[in-house]
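Single-structure report; data block below.
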Amino acid sequence: MTTERYNAREAEPKWQKAWEEQAIFAARNDDSRPKYYVLEMFPYPSGRIHMGHVRNYTMGDVVARFMRASGYNVLHPMGWDAFGMPAENAAMANKIHPRTWTYANIETMKAQLKRMGLSLDWAREIATCDPSYYKHQQKMFLDFVAADLVERKKSKVNWDPVDQTVLSNEQVIDGRGWRSGAPVEQRELVQWFFKITKYSDDLLAAIDRLDRWPEKVRLMQKNWIGRSEGLLTRFALDPATTPAHETELEIFTTRPDTLFGARFMALSPDHPLAKSAAEKSPELAAFIAECKRTGTATELIETAEKFGFDTGIKAIHPFDPNWKLPVYVANFVLMDYGTGAIFGCPGHDQRDLDFVNKYQLGVTPVVLPEGQDPAGFTITTIAYEGEGRMINSRFLDGMTIAEAKEEAARRLERQTYNGRPVGERKVNYRLRDWGISRQRYWGCPIPIIHCDACGVVPVPEKDLPVELPDDIEFDRPGNPLDRHPTWKNVACPQCGKPARRETDTMDTFVDSSWYFARFTDPWLETAPTDRRVADRWLPVDQYIGGIEHAILHLLYSRFFVRAMRAAGHLDLDEPFAGLFTQGMVVHETYKKADGTYVMPAEIKIEVKGEQRQASLLSNGDPVEIGSIEKMSKSKRNTVDPDDIIATFGADTARWFMLSDSPPERDVIWTEDGVQGAWRFVQRLWRLVNEMSAIAAAVGAPKPNEFSEPALAVRKAAHGALAKVSDDIAKLRFNRCVAHIYEFANAIAASLADRPAGASQDLAWALREAADILVQLFHPMMPHLAEECWAALGHDKLVAEVPWPAVEKALLIEETITLPVQVNGKKRADVVVPRDAGNAAIEAAVLQLEAVQRALDGKAPKKVIVVPQRIVNVVA
RNA sequence: GCCCCUGUGGCGGAAUUGGUAGACGCGCCUGACUCAAAAUCAGGUGGUGGUAACAUCGUGCUGGUUCGAGUCCGGCCAGGGGCACCA
């Protein structure tokens with residue numbers, strides 16, 4: 001038979017138009033069916049989509065189409081994370097306005113996404129740079145201020161010298177800015193903070209209930225929040241050695257058990273006591289200044305040598321009024337963790353040991369490892385941080401560490417100094433408040449006015465949104481808003497006198513912390529959300545995106561739903577009930593002789609035996625095939641999705657993205673793999689047409705009896721249906737692909753073997769199998785599926801057809817084949833009735849020639865029959 | 001330094017969660033069709049021995065539990081990721 005090739009270039013736009021005209025992917029807020037919200041992390045409009053987007057959105061689309069066919073009211077929206085530095089960089093480089101640049105990119109990328117055939121509800125499209133979006137964000141900022149979730153404070157912050165802006169802790173990776181890669185410096189600035197630490201406890205505890213999140217992400221968030229239980233302890237200060245008005249020093253420790261091993265106290269250079277001591281001591285003041293001068297780059301600070309300076313102050317040991325400890329100022333003590341002061345126990349903390357060795361303060365071991373002889377136990381250069389029993393610790397001697405911690409805490413809680421308890425149990429978190437001020441133009445303005453008379457005044461709600469000015473200069477580094485001639489000059493809303501607008505804008509991660517809620521009703525003008533609508537759609541049932549947001553975006557969004565609940569915008573525990581983090585798209589790299597990289601499109605590869613050799617298309621020069629790396633512009637190993645779609649069609653790209661690699665792992669993009677996917681598209685097209693031709697002769701009623709070949713086809717179809725359904729639900733797309741291949745192979749085999757003059761029952765079975773086959777690959781390759789569905793004579797779109805039901809009876813075989821082992825080695829198969837008893841199976845197995853040969857005349861000791869699984873004969 | 005994950009053919013990876021290791025795809029080899037190529041179709045493809053039936057070894061290394069281990073436990077090795085002066 002002659003079937004023309006499937007022409008993706010013609011078919012794909014045709015079906016995209018059909019879906020759009022019938023608006024079948026539009027979700028209604030008043031639909032009574034059960035809801036399902038599937039969302040992929042929305043893109044930054046950088047210019048063009050890349051293969052990472054293709055992979056991400058294909059996965060989401062498979063889930064969306066499958067759930068829609070399964071009877072759910074599916075919400076599958078798309079938008080743009082549209083504020084950010086690259087737009088300003090483009091403005092500086094090309095003299096184009098950030099808005100113009102951003103919207104042009106959105107237009108390009110939207111057209112690209114449409115060519116992928118995604119089942120998106122474009123009516124809900126949002127862009128975070130649109131005032132109709134950010135005005136609600138400004139409203140929420142004010143709501144958060146009212147709910148005491150915002151704070152303006154001076155603090156040490158991370159300063160990115162290249163992007164000329166502050167960064168949050170989460171945005172500093174290995175001491176460098178997450179975007180610019182520049183070493184981050186420390187600066188003291190007045191900044192706006194969201195009080196995410198108010199929710200430290202809840203953010204941590206709720207992780208255990210996120211059972212559809214990857215374990216890895218949960219663990220990373222737990223570590224990031226970093227809970228530790230310890231004791232706040234107030235040490236009295238020896239008045240003879242201490243500046244006036246200073247009477248005590250409070251420290252935080254997780255090891256109160258080691259208090260009898262204490263040798264010194266240490267203060268952060270920023271500690272108030274250090275500062276007050278420095279007033280009388282120029283040497284100390286110089287030391288503190290030196291600490292700050294060591295460098296402002298975080299990288300330097302972390303590798304700097306540990307230094308201390310003895311203030312002369314003595315602290316009194318809480319368990320012994322006669323025991324005095326020297327108080328140092330030390331460069332390694334952080335002001336913003338605990339109380340900014342510690343006690344040092346050199347025996348059981350490596351850093352403290354290094355410190356005492358430097359200043360000859362001595363060591364007292366207080367924890368003895370189990371089985372160690374106390375006589376010979378000394379600590380010189382390596383601290384013992386393991387388990388053991390207390391020694392040299394008076395009333396704690398002989399206790400385990402846990403017992404000693406408890407006993408020390410109990411005593412200190414009861415003890416008082418200046419009328420208050422000396423010890424207080426305290427949980428400390430590593431998590432810091434989220435600094436959201438950015439000294440940039442292309443972001444959401446912070447709706448605040450600074451008045452000399454009234455102080456910090458919120459912009460009245462009626463004046464929202466505070467819009468960005470259009471006439472803006474990018475000729476110099478720094479914040480363009482701050483040097484705008486007029487924008488910041490405004491009357492104080494309270495007193496009417498001249499005042500200044502806040503010129504910092506919000507971190508763009510604020511924009512992305514609530515967009516999933518806005519999608520539930522993006523048309524609403526009066527509020528960020530319609531609470532009833534938001535509560536119905538949320539949480540997102542399946543969220544899909546990159547692992548790089550394991551902390552950043554995913555933690556901020558979790559904070560935001562809590563803050564939005566406090567402000568009354570929704571009532572939700574968690575934003576994302578199910579999370580899936582997909583792997584990257586990676587590709588071989590190619591290097592010319594001069595060491596520069598070339599793009600995959602510029603070379604050809606030939607296979608000579610086992611060797612693959614690459615050469616330049618232009619002049620045939622040899623090219624070295626390098627390592628496999630994440631697709632990136634710098635390595636020039638990118639493949640443009642548009643080129644692939646133009647050559648092979650979107651379905652081929654989608655199918656390849658889902659094939660082979662498990663979705664959470666990296667996928668290697670290869671030309672051969674794409675060719676393979678494209679071949680399968682053509683093969684399916686031929687197969688469906690061939691089936692269709694045979695099925696055309698079929699009568700309508702389902703036959704009562706099926707012959708062996710027809711039954712085999714039906715079993716293959718329903719077996720594939722059961723497996724693919726299960727695997728899509730579990731996001732195991734690579735297994736879905738394999739099952740569809742198996743099913744197609746089974747049909748091809750039965751077509752090849754079929755008797756001449758096909759019978760009615762086989763024709764009916766093939767017609768059923770063809771329908772199921774097309775429906776099975778529809779979520780992955782929707783255009784080809786529509787084309788095939790039409791070829792099979794259906795009127796409706798396959799995108800609208802309910803998912804087929806499995807006939808479970810077909811999955812149960814009457815006879816089963818059990819593998820037979822002798823002493824754990826497979827020797828034969830045995831075919832038995834499905835419900836055969838163990839005795840019957842045992843008898844049949846022992847008759848087998850291969851078993852008797854393997855037994856070699858020996859009598860079997862026992863025969864283990866695992867029903868429906870395996871038989872093992874033990875000789 | 002601490003925490004976590006991964007290790008299976010030439011390659012990507014399957015393996016019903018303790019039950020036939022290598023499904024499916026890529027690549028490669030052989031054949032059919034063709035003047036030829038492409039495309040398509042058929043067959044083969046973990047190593048070793050054998051024409052074959054078959055035997056034997058084989059899931060990073062090593063020891064253990066079990067009738068049976070890629071899967072569980074102990075100890076190593078390698079690769080990747082996260083955190084890192086956190087008191």
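Just so it is clear, the values below take in all heavy atoms, side chains as well, and ignore hydrogens, waters and symmetry mates. Proteins get letters first, then strands, A, B, ... in listed order; numbering begins at 1 in each.
Residues of residues 652-660 of chain A that place a heavy atom closer than 4.0 Å to RNA chain B, in numerical order, are A:D660. Of all the residues in residues 579-589 of chain A, not one reaches under 4.0 Å from RNA chain B with any non-hydrogen atom.
B:rG19 and B:rU51: their P atoms are spaced 38 Å apart (whole Å). For the C1' atom pair drawn from B:rG58 and B:rA69, the interatomic distance equals 14 Å after rounding to whole Å. For the C1' atom pair drawn from B:rC2 and B:rU16, the interatomic distance equals 38 Å after rounding to whole Å.
For B:rA87, the OP1/OP2 oxygens have no side-chain nitrogen or oxygen of A:R351 closer than 4.0 Å. For A:R430, a side-chain nitrogen or oxygen approaches OP1 or OP2 of B:rA84 to under 4.0 Å. Contact check, A:K825 against B:rC57: a side-chain N or O comes under 4.0 Å of OP1 or OP2. Residue A:N223 places no side-chain N or O under 4.0 Å from the OP1 or OP2 atom of B:rC2. Taking 4.0 angstrom as the limit, A:Y741 places none of its side-chain polar atoms (N or O) nearer than this to OP1 or OP2 of B:rG25. For the OP1/OP2 pair of B:rU56 and a distance below 4.0 Å, the side-chain nitrogens and oxygens of A:R827 include at least one atom meeting the criterion. Dashed line: the shortest gap from a side-chain N or O of A:R686 to OP1 or OP2 of B:rC41 is under 4.0 Å.
When heavy atoms are screened at a 4.0 angstrom cut-off, A:N745 is found touching the sugar-phosphate backbone but no base atom. As judged by a 4.0 angstrom heavy-atom cut-off over every strand, A:D672 is placed among residues touching the sugar-phosphate backbone only. Residue contacts for A:Q821: at a heavy-atom cut-off of 4.0 Å it reaches a base atom on one of the strands shown. A:I864 comes within 4.0 angstrom of a base, heavy atoms only. Residue A:K216 is classed as a sugar-phosphate contact, given heavy-atom separations below 4.0 Å to backbone atoms only. Heavy atoms of A:N734 sit under 4.0 angstrom from primed sugar atoms or phosphate atoms, though from no base atom.
In this structure, A:A748 and A:V333 both approach RNA chain B, and ranking their closest nucleotides by distance from the 5' end singles out A:A748. With RNA chain B read from its 5' end, the first of the two nearest nucleotides for A:I870 and A:G824 is the one closest to A:I870.
Of the candidates B:rG12, B:rA23, B:rA84, the closest approach to any side-chain atom of A:S661 belongs to B:rG12. Each of B:rA14, B:rG19, B:rC3 was ranked by its minimum atom distance to the side chain of A:V866; first place goes to B:rG19. Across B:rC85, B:rG27, B:rA39, the shortest atom-to-atom separation from the side chain of A:R679 is found for B:rG27. Residue A:P662 has its side chain nearest to B:rA14 when only B:rG82, B:rA14, B:rC24 are considered. For A:R853, taking side-chain heavy atoms from C-beta onward, the closest of the listed nucleotides B:rA87, B:rC83, B:rC54 is B:rC54.
Separating the CG atom of A:N428 from the P atom of B:rC85 is a distance of 15 Å, rounded to the nearest angstrom. In this structure, A:D666 places its CG atom 10 Å from P of B:rG81, rounding to the nearest Å. The nearest whole Å value for the distance from the CD atom in A:Q221 to the P atom in B:rC83 is 12 Å. For the pair A:L751 CG and B:rC41 P, the interatomic distance rounds to 12 Å; values are reported in whole Å. If you measure from atom CG of A:D336 to atom C1' of B:rC85, you get 12 Å, rounded to the nearest angstrom. We find that CD of A:E170 is positioned 15 Å from P of B:rG82, with the value rounded to whole Å.
Looking only at atom types and distance, the side chain of A:R683 has a donor-acceptor partner in the side chain of A:N745 under 3.5 Å away.
Glycosidic conformation, B:rU20: anti, with the torsion outside 90° of 0. Anti is the classification of B:rG25, since its glycosidic angle lies more than 90° from 0.
Salt-bridge annotation for A:D349 and A:R255: absent, with no side-chain N of the basic residue lying under 4.0 Å from a carboxylate O of the acidic one. Look at A:R234 and A:E250 and you find no salt bridge, because none of the NZ, NE, NH1 or NH2 atoms lies under 4.0 Å from a carboxylate O. Contact check on A:D208 versus A:K222 returns a salt bridge, with a Lys/Arg side-chain nitrogen under 4.0 Å from an Asp/Glu carboxylate oxygen. Comment: A:R732 engages A:D727 in a salt bridge, judged by a side-chain N to carboxylate O separation of less than 4.0 angstrom.
The aromatic rings of A:W685 and A:Y6 sit tilted, their planes meeting at an angle between 30° and 60°.
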Could you spell out the base pairing of RNA chain B as a dot-bracket line? Use Watson-Crick and G-U wobble contacts where both distances are under 3.5 Å, [ ] for crossing pairs, | for partners on a different strand. (((((((..(((......[....)))((((((.......))))))((((....))))..(((((..]....))))))))))))....
